[in-house]
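Working notes, beginning with the structure itself.
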Amino acid sequence: MAQNDRLTCLDCGTPNRVPPEKLGDNPKCGKCGGWLITGKVAEISPSTLQKAAQDTALPLVVDFWAPWCGPCRAMAPQFSMAAERLKGSVRLAKLNTEQHQTVNGRYNIRGIPAMIGFRNGREVGRHVGALQMAGIVQFASGLTSVKAR
């Protein structure tokens, strides 16, 4: 019997069980019907982040940003291009630190843009400062080989 991996819907926050062999078949959320793997950047809430950080199927990279931050705005299109490039291996999401100020303390955000990589419930990578698409892809790709402790 195949083992199921967990993948949280970034639209509704519902955890879903997805067999590893089905990850390439465009799985949908069992609750809202949204695509679980899109190749697009999802805007998420702290509660969705808390659930999605626990996922075991794919690593998650979250860009902590704010609308008033110039480097954050400059990096946004690069982050979107990286999401397209990484589809199927890493999911990318954004969390607005101005709207959700409690995340700054919880995730030790001292400067933005800040990218944090999560895998199997653990932080496995962090980068502070804007990056071009290639740097984002390199950062995110490195998370697939890192073992969470």
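Only heavy atoms go into these numbers, but all of them, side chains included; no hydrogens, no water, no symmetry mates.
- Judged as a salt bridge (charged side-chain N to carboxylate O under 4.0 Å, His left out), not a single pair has a partner in residues 69-79 (not counting sequence neighbours).
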* Asked: Between Asn104 and Ile112, does a side-chain contact (heavy atoms from CB on, under 4.5 Å) hold up when you go through it step by step?
  -> CA-CA 10 Å; Asn104 295 328; Ile112 55 174; 5.6 Å; no

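- Crowding of Lys22 atom NZ: a count of heavy atoms from other residues, nucleotides or ligands under 6.0 Å not exceeding 12.
- Between Tyr107 and Phe64, the ring planes are tilted. Angles from 30° to 60° get that label.
- Under the 3.5 Å distance criterion, the side-chain polar atoms of Arg110 are left unmatched by any main-chain donor or acceptor of Val128.
- Of all non-hydrogen atoms in Ile37 and Lys87, the two that sit nearest each other are O-CE, 3.8 Å.
- Contact check for Met75 versus Ile136: side-chain heavy atoms found under the 4.5 Å cut-off.
- The two atoms that bring Pro113 and Ala130 nearest to each other are CG-N, 3.6 Å, heavy atoms only.
- Proximity of Ser141 to Val90: side-chain heavy atoms (C-beta onward) are nowhere separated by under 4.5 Å.
- Using a 4.5 Å cut-off on side-chain heavy atoms (C-beta onward), Lys40 and Trp35 make no contact.
- In the hydrophobic clustering of ILVMFWY residues, with side-chain heavy atoms under 4.5 Å counting as a link, Leu58 and Leu60 come out apart.
- Tracing side-chain contacts under 4.5 Å through hydrophobic residues (I, L, V, M, F, W, Y), one never reaches Phe118 starting from Val137; they form parts of separate clusters.
- For Thr56 (side chain) and Asp5 (main-chain N/O), no donor-acceptor pair under 3.5 Å exists by modelled atom type.
- Residues Arg126 and Ile109 have side chains in contact (heavy-atom distance under 4.5 Å, counting atoms from C-beta outward).
- Leu7 is listed as a side-chain neighbour of Leu23, based on a closest heavy-atom distance under 4.5 Å.
- Taking each heavy atom of Asp11 and Cys32 in turn, the nearest pair found is CB-SG, 4.3 Å.
- Under the 4.5 Å side-chain criterion, counting only non-hydrogen atoms from C-beta, Gln78 is not in contact with Leu131.
- Under the 4.5 Å side-chain heavy-atom criterion for ILVMFWY residues, no single connected hydrophobic cluster contains both Val62 and Leu143.
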* Verdict with reasoning, Cys9 to Asn16, per side-chain contact (heavy atoms from CB on, under 4.5 Å) -> CA-CA 7 Å; Cys9 178; Asn16 291 264; 4.0 Å; yes

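- Ser89 places a side-chain N or O within 3.5 Å of a backbone atom of Leu86 that can act as its donor or acceptor partner.
- Other residues, nucleotides and ligands contribute only 12 or fewer heavy atoms inside 6.0 Å of the CD atom of Gln138.
- A pairwise comparison of heavy atoms in Arg119 and Pro59 identifies CD-CG, 4.1 Å as the closest pair.
- Between Gly13 and Thr48, the shortest heavy-atom contact is CA-OG1, 3.9 Å.
- Linking ILVMFWY residues whenever their side-chain heavy atoms come closer than 4.5 Å, directly or via other members, leaves Phe139 and Leu49 in distinct clusters.
- Under a cut-off of 6.0 angstrom, the local environment of CZ in Arg6 is crowded, with over 12 non-hydrogen atoms contributed by other residues, nucleotides or ligands.
- Closest heavy-atom contact between Cys29 and Thr14: SG-CB, 4.1 Å.
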Side-chain atoms of residues 91-101: list all donor-acceptor pairs with protein atoms under 3.5 Å, sequence neighbours left out, distances to 0.1 Å.
from	atom 1	to	atom 2	distance (Å)
Arg91	NH1	Thr8	O	2.9
Arg91	NH1	Leu36	O	2.8
Arg91	NH2	Thr8	O	2.7
Arg91	NH2	Asp55	OD2	2.9
Lys94	NZ	Asp63	OD2	2.7
Asn96	OD1	Glu98	N	2.8
Asn96	OD1	Gln99	N	3.1
Thr97	OG1	Trp65	O	2.9
Glu98	OE1	Trp68	NE1	2.9
Gln101	NE2	Glu98	O	3.3

